[in-house]
Amino acid sequence: MLLYTGVVIPYGTLNTLITPDQNERGVLNVFRMFFASIGILIVGNLVIPMVDFFGGGQTGWVLGYTVLAIIALLMYMITFFTTKERTSHLNQDVNKESFWIGFKALLANKYWIMVMFMFIFYYINGSVAK
């Protein structure tokens, strides 16, 4: 989940660096979500045949998801190297604080801490209840 968050948050906010126009960002998000749905359908329909192709069992699952992870990595790298940031006005007023100042501010945010503990208990419950 941590790695997923590390990829999805910047990827999801990338549209603000591509265009300052709110309508264009909306269209970009529609296309992003449309193709994400297609990707979900493709992966959902290919996983079991891939697992069977690799011999089934745990080895089949590991190899199948390794192939999917490599494909995802390649696609993210293509996105990273081919996407151009076109809005420069967004970067002019950036307040550049040190990591530790931001980290201390995060720990002082009681709502963030409440949500963090909620997710911790949610995942503990999900793993223990099964």
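- Judged as a side chain to side chain donor-acceptor pair (under 3.5 Å), not a single pair has a partner in residues 73-82 (not counting sequence neighbours).
- Taking OG1 of Thr66 as the reference point, atom CD1 of Ile71 lies at 11.0 Å (rounded to 0.5 Å).
- Residues passing the side chain to side chain contact (heavy atoms under 4.5 Å, CB included) test with Ile124 are Ile120, Val128, sequence neighbours excluded.
- Cluster partners of Phe80 are Leu73, Met77, Phe81, counting Ile, Leu, Val, Met, Phe, Trp and Tyr whose side-chain heavy atoms approach within less than 4.5 Å, directly or via other members.
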Side-chain donor-acceptor pairs under 3.5 Å in residues 35-48, sequence neighbours left out?
{"residue": "Ser37", "atom": "OG", "partner": "Met33", "partner atom": "O", "Å": "3.0"}
{"residue": "Asn45", "atom": "ND2", "partner": "Leu41", "partner atom": "O", "Å": "2.9"}

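- At least one side-chain heavy atom of Phe54 sits under 4.5 Å from a side-chain heavy atom of Val67.
- To the nearest 0.5 angstrom, Asn15 atom CG is 10.5 Å from Glu24 atom CD.
- Considering OG1 of Thr16 and CG of Asp21, their distance stands at 13.0 Å, rounded to 0.5 Å.
- Every pair tested for side chain to side chain donor-acceptor pair (under 3.5 Å) that includes a residue from residues 53-64 fails, sequence neighbours excluded, so the list is empty.
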N/O donor-acceptor pairs under 3.5 Å from side chains in residues 99-118, not counting sequence neighbours:
{"residue": "Asn109", "atom": "OD1", "partner": "Tyr111", "partner atom": "N", "Å": "3.1"}
{"residue": "Asn109", "atom": "OD1", "partner": "Trp112", "partner atom": "N", "Å": "3.2"}

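- Here the CG-CE distance, from Leu63 to Met50, works out to 9.0 Å after rounding to the nearest 0.5 Å.
- Under a hydrophobic-cluster definition in which Ile, Leu, Val, Met, Phe, Trp and Tyr are linked whenever side-chain heavy atoms come within less than 4.5 Å, directly or via other members, Phe53 and Val62 are assigned to different clusters.
- Inter-residue side-chain proximity for Arg25 and Ile18 is flagged as unmet; no heavy-atom pair is nearer than 4.5 Å.
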